[in-house]
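Heads up, the thing below is written out as structure tokens.
Per chain, numbering begins at 1; letters A, B, ... match sequence-line order. Atom set for the values below is all heavy atoms of this structure, side chains included, hydrogens, waters and symmetry mates excluded.
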2 protein chains.
Amino acid sequence: MSTTKSMPSMSDVAARAGVALGTVSNVLNHPDKVAEATLRRVHAAIDELGFVRNNQARSLAMGRSTTLGLVVTDIGNSFFVDIARGAEEGAALNGMTLLLANSDNDYAKQETYLDLFDQARFAGILLAPFEAAPESAHRLRGHGRPVLLLNVAVPVGEGCSIVVDNEQGGYLAARHLIDEGRRRLAFVGGPDRLEPLLERRLGAERAVAETNGAVTLEEIIVGAVNAPEGRAAGSIILDRAPAERPDGVFAASDLLALGLVQTLSAALRIPDDLAVIGYDNNSAVRESTIPISTIAQPGREMGEIGARLLWSEVADGPDHEHEHVVLAPTLITRASSVRR
Amino acid sequence: MSTTKSMPSMSDVAARAGVALGTVSNVLNHPDKVAEATLRRVHAAIDELGFVRNNQARSLAMGRSTTLGLVVTDIGNSFFVDIARGAEEGAALNGMTLLLANSDNDYAKQETYLDLFDQARFAGILLAPFEAAPESAHRLRGHGRPVLLLNVAVPVGEGCSIVVDNEQGGYLAARHLIDEGRRRLAFVGGPDRLEPLLERRLGAERAVAETNGAVTLEEIIVGAVNAPEGRAAGSIILDRAPAERPDGVFAASDLLALGLVQTLSAALRIPDDLAVIGYDNNSAVRESTIPISTIAQPGREMGEIGARLLWSEVADGPDHEHEHVVLAPTLITRASSVRR
DNA sequence: TGCGCCGATTGAAGCGCTTCAAGTTAAAGT
DNA sequence: ACTTTAACTTGAAGCGCTTCAATCGGCGCA
């Protein structure tokens, strides 16, 4: 089955060019060690035969591969797309290539892909995990395959990781609302068991605490961080007497913020009566009618640094020092929170 | 460099279990040929050693791989994400795995990934190409690697392909507007050199032609199919005297439609004064304030059928018949085009 | 007791490549 | 003319696996 006409091998090329097998290998890997004339002859033979080097055999013989793998939770989320782009770039910079797998919010799939990458002997693996760092990451590291975790903290000494400072992001968001003159803030977020959301709330609390009681912060809990829940939260706010409503809302995600704005803008002026800020700088929200302020996570940077770090772990071998990088989120102000 | 403690190999397992190398291989590939007791002993050894089969060596020895590759143009576009999901599924159904590469609208990257997949001796390649079918697809096929093209027509006999009927999609969109009582239609689209857009327009023209002059169709050309251009097109319409305005607009993409709706809804009632329909069922637009009608492309189906077809080409070998599948788009009506 | 049979197991060959010690050739040095 | 040296080239070993002809050992049967 499969490939009918099997492809020409290096020895076919060698025969055609009238040189030894090893010489063809040198042409491909150490052209400086080969005489000009031979180089040309071999290249000619390669072109004539349409030779394509078999990477499986190559990695087998070399004992190492030049491919990095990235497993993301949800390729539909622009944050992960940014990470992928960055990782690709970072990999390319080191002469590696990046292959992508989408676990689609499915834990089992994630495991499947990790195993697949392991079996394929990829040089290293970048993992933006489903929820927490999975056992399997530990297992792969155990037999020498570098795994770098994205967006999730990792025990020191276990391996490298890169996270974005969610607490700081929360702080920035609330700080911004306060700076815009808001005094009755609300945090709309999910259940605290989701670490990142909890941290964002804590950051907001810190900003509020800084202002010595001049600002209040209430919390509106929703079931999930999507647009429908945002609309639900919007209704909750609208149902209150005007004096009871917050004048600044920090939503734990952009989709949530979008839902809020949709509902609230029908009855209130945004941002005049009520300012809204989201989180993620999600591309799905970038074209909303009222542009929504947000906290951007440096996904691209995350991916790129991730690939670099992973590469250095692969290259340094035993004397590699695990690093834990914390990236800073940034505030992006748009119409939903800034009076014109 | 790289993997410090190199992983245990099959012969390590064999030694540990006190059996021959070939037996371990049989345990993994033909367990039915192995005695119960031996089976257990080998499995125990595998677990104890944490053995992970080397897929590179495996594919090398077998002469074929069990991995399919998918190269998409823009992983940020939900259509391609749907394709990826479908392909993944279709691959899994046949015991294959799907690896993803994102060419990011960059022709050179696309070529790089195709070559990479070729070198990695993937069983087959699914390609949703940058624009037209690239020369390289032909080249890979030339030396026996199946390449299936998505979303792009391919010369008969060249290989398999799957497309969505854009003409039909255009027809559906215009038909819908007409059925909703619209008589002065406008098609907002890009330059005709983009095949799919041209076909969508032709489909719309067919729907209009069917109504014997009762309906008019004008064309508004924009530079690109994104939201800003949509807003620009919206302004063009608003600048006209009311009587000169269309009452039904078919935008060649959802982002375009979104931009239109944003601008138009400020001055006009949508859908009462003006109905709008887009194209793609793009997730980026799914949460717009006024839900936008659209033509959905069966991306998931496309991916799944693609993976199946590719697999059959891999399996059938020489006596494979290339297929050209045309999938039907479907109409999704939402608030932007349907009076309540 | 001897023969044939069959399921289970073995081990060598080979997949296409890299690596490297050993070999070759020619130019340079004395 | 003879040794060094440098610049190339060679070819065999080995990466970890699958495959398959050959072998083994036990069992039923005459």
inquiry  = Tell me whether Asp12(A) contacts the main-chain N or O of Ser9(A) through its side chain, where contact means a donor paired with an acceptor under 3.5 Å.
reply    =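 It does hold such a pair.
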
| message | Run the salt bridge (charged side-chain N to carboxylate O under 4.0 Å, His left out) test against Glu195(B) and tell me which residues pass, sequence neighbours left out. | response |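 Glu195(B) satisfies salt bridge (charged side-chain N to carboxylate O under 4.0 Å, His left out) with no residue once adjacent residues are dropped.
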
- Task: For Arg121(B), check salt bridge (charged side-chain N to carboxylate O under 4.0 Å, His left out) against everything at least two apart and list the hits.
- Result: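 Per chain and number, Arg121(B) pairs via salt bridge (charged side-chain N to carboxylate O under 4.0 Å, His left out) with no residue.
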
- Task: Scan Ser25(A) against the nucleic acid and name what it touches under 4.0 Å (heavy atoms): base, sugar-phosphate only, or nothing.
- Result: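 Ser25(A): base contact, heavy atoms under 4.0 Å.
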
Practice problem: Quick one: label Met10(A) by what it contacts on the DNA or RNA (base, sugar-phosphate, nothing), any heavy atom closer than 4.0 Å. | Solution: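 Contact class for Met10(A): base.
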
Heavy-atom closest pair, residues Thr67(A) and Met96(A):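 Nearest pair, atom of Thr67(A) first, then Met96(A): N-CE, 4.2 Å.
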
If you assign Arg58(A) and Ala61(B) each to the DNA chain C nucleotide with the nearest heavy atom, which residue ends up on the more 5' nucleotide?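 Here Ala61(B) is the residue nearer the 5' end.
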
Give every residue pair that meets the side-chain hydrogen bond (donor to acceptor under 3.5 Å, both in side chains) criterion with at least one member in [range], sequence neighbours excluded.
| range | value |
| --- | --- |
| residues 95-108 of chain A | Asp104(A)-Arg85(B) |
| residues 31-42 of chain A | Glu36(A)-Arg40(A) |
| residues 46-56 of chain A | Arg16(A)-Glu48(A), Asn29(A)-Arg53(A), Gln56(A)-Ser59(B) |

Check: From the 5' end of DNA chain C to its 3' end, which nucleotides mark the outer limits of contact with chain A, defined by a 4.0 Å heavy-atom distance cut-off (strictly under)?
Finding: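 Contacts span dG16(C) to dT19(C), reading 5' to 3'.
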
Check: Heavy-atom contacts under 4.0 Å between residues 45-57 of chain B and DNA chain C, which residues?
Finding: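 Under 4.0 Å from DNA chain C: no residue of residues 45-57 of chain B.
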
Go through the structure and list residues passing side-chain hydrogen bond (donor to acceptor under 3.5 Å, both in side chains) with [X], not counting sequence neighbours.
| X | value |
| --- | --- |
| Glu301(B) | none |
| Thr112(B) | none |
| Glu158(B) | His138(B), Arg141(B) |

Can you check nucleotides 6-10 of chain D for protein contacts, nitrogen or oxygen pairs under 3.5 Å, and list what you find?
from	atom 1	to	atom 2	distance (Å)
dT9(D)	OP1	Thr38(A)	OG1	2.4
dT9(D)	OP2	Ala35(A)	N	3.2
dT10(D)	OP2	Ala20(A)	N	2.8
dT10(D)	OP2	Thr23(A)	OG1	2.8

Check your understanding: Should the pair Arg300(A)-Glu304(A) be classified as a salt bridge under the 4.0 Å nitrogen-to-oxygen rule?
Key ->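 Judged by the 4.0 Å cut-off on N to carboxylate O distance, Arg300(A) and Glu304(A) do not form a salt bridge.
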
request  = Step by step, work out the side chain to side chain contact (heavy atoms under 4.5 Å, CB included) result for Leu127(B) and Leu114(B).
outcome  = CA-CA 9 Å; Leu127(B) 171 64; Leu114(B) 286 175; 4.0 Å; yes

Approximate separation, where rounding is to 0.5 Å, of Phe122(B) CZ and Leu99(A) CG: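 So the CZ of Phe122(B) and the CG of Leu99(A) are separated by 5.0 Å.
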
Could you work out how much the helix from dT1(C)-dA30(D) to dT30(C)-dA1(D) bends, comparing the axis of its first five pairs with that of its last five, to 10°?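 Overall, the helix from dT1(C)-dA30(D) to dT30(C)-dA1(D) bends by 50° from one end axis to the other.
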
